Number of protein chains: 2
Amino acid sequence: MTAHPQEDHYKYKKVISIGVVSELTGLSQRQIRYYEERKLVFPDRSKGIRKYSFADVEQLMKIANQREEGVSTWEIRQEMTKELRERMLKGQMNAHFRRRS
Amino acid sequence: MTAHPQEDHYKYKKVISIGVVSELTGLSQRQIRYYEERKLVFPDRSKGIRKYSFADVEQLMKIANQREEGVSTWEIRQEMTKELRERMLKGQMNAHFRRRS
DNA sequence: CGTGTAAGGAATTCTGACACG
DNA sequence: CGTGTAAGGAATTCTGACACG
């Protein structure tokens, strides 16, 4: 469908293993796995091996900043779901008012 | 320097291991390593482990197409260096004529 | 020339647990 | 709660070589 059938979106393609993610983010593998346990990141799996996207890496860096400020994983999670709700609501609005101004 | 200090260029960051590259391109690991031997791709190394970028993946897909058409690795290499020469020449021209129209 | 494969070793990743606090 | 670490195992990757052609 797109002009570049291949490009898709490099940012969202889950291809990076945890060792590289650790280097890119400065977080330990333990931390990265723990944040997954707390449902803050959602890597894909290939035979048990986690694969992350650049978007995941960005997300993890945001989490690292929040954590440094003392924000708990639970609070970060709340913030995430809240933002998700807002975005979904906005989507509903768009669907409703589209082409009706 | 950029607005998004992090984003840099996902396309050029060497973070993908050969197994994933193999899946993305449909090439065998053997083929991918051989094309490196023939100087058609240049992965980074981390403790001996090859790391590729999305740009490398694109390059490999182009190579795969050429190969299917019967183009030899040597010919592909010639084409690459030729294109490189042209791009460098263009760079020289730009440097020379910049702000002189 | 281009690619498959078996071989042995090194580096990576995984999970569940114990530790500290 | 959040993170470190040692433990044992599974999956990945690496190189050099032999094979075929």
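Only a predicted model underlies this, so the values are computations on that prediction, with no experimental measurement involved. Below, read A as the first sequence line, B as the second, and so on, with proteins coming before strands; counting in each chain starts at 1.
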- prompt: Does a side-chain heavy-atom distance below 4.5 Å link A:Val15 with B:Leu24?
  reply: yes
- line: When rounded to whole Å, the CD1 to P distance for the pair A:Ile16 and D:dT12 reads 18 Å
statement: B:Glu37 CD to D:dA17 C1', in whole Å, measures 13 Å
statement: A:Ile49 meets the side chain to side chain contact (heavy atoms under 4.5 Å, CB included) criterion, sequence neighbours left out, with A:Lys51
- request: With the side chain of B:Ser72 defined as its heavy atoms from C-beta on, choose the nearest nucleotide among C:dG2, D:dG2, C:dT13.
  value: C:dG2
- request: Could you tell me whether the phosphate oxygens of C:dT13, OP1 or OP2, come under 4.0 Å of any side-chain nitrogen or oxygen in A:Ser17?
  value: yes
Got a list of side-chain donor-acceptor pairs under 3.5 Å for residues 74-83 of chain B, not counting sequence neighbours?
residue, atom, partner, partner atom, Å
B:Glu75, OE1, B:Ser72, N, 2.8
B:Glu75, OE1, B:Ser72, OG, 3.2
B:Arg77, NH1, B:Lys39, O, 3.3
B:Thr81, OG1, B:Arg77, O, 3.4
B:Thr81, OG1, B:Gln78, O, 2.9

message: At under 4.0 Å between heavy atoms, how does the protein contact nucleotides 3-11 of chain C? Give one character per nucleotide, 5' to 3', with B, S or -.
response: BBB------
query: What pairs meet the side chain to side chain donor-acceptor pair (under 3.5 Å) rule with one or both residues in residues 23-32 of chain B, with sequence neighbours excluded?
result: B:Ser28-B:Gln31, B:Gln29-B:Arg33
message: Restricting to non-hydrogen atoms, name the atom on A:Leu27 and the atom on A:Ala64 that form the minimum distance, rounded to 0.1 Å.
response: CD2-CB, 4.0 Å
- line: Closest non-hydrogen contact found for A:Val41 with A:Asp56 is CG1-O, 4.3 Å
field: Residue whose closest nucleotide on DNA chain D lies nearer the 5' end, B:Lys51 versus A:Val71
entry: A:Val71
- prompt: About how many Å separate CG of A:Leu89 and CG of A:Asn94, when rounded to the nearest 0.5 Å?
  reply: 10.0 Å
query: Can you find a pair of side-chain heavy atoms, one from A:Ile32 and one from A:Val21, that are under 4.5 Å apart?
result: yes
- prompt: Any side-chain N or O of A:Arg38 under 4.0 Å from OP1/OP2 of D:dG2?
  reply: yes
- line: note: B:Arg45, atom CZ; D:dC14, atom P; distance rounded to Å ~ 6 Å
task: Figure out the CD1/P separation between B:Ile18 and D:dT15, and round it to whole Å.
output: 9 Å
field: Per-nucleotide pairing state of DNA chain D [Watson-Crick or G-U, under 3.5 Å; [ ] pseudoknot-crossing; | other strand]
entry: .||||.||.|.|.||.||||.
task: Return no unless some side-chain N or O of B:Arg50 is found under 4.0 Å from OP1 or OP2 of D:dC14.
output: yes
- prompt: Can you pull the ring-ring contact (aromatic ring centres under 6.0 Å, His included) pairs that have at least one residue in residues 30-63 of chain A, sequence neighbours excluded?
  reply: A:Phe54-B:Tyr10
message: Without decimals, in angstroms, what is the distance between B:Ile32 CD1 and D:dT13 C1'?
response: 12 Å
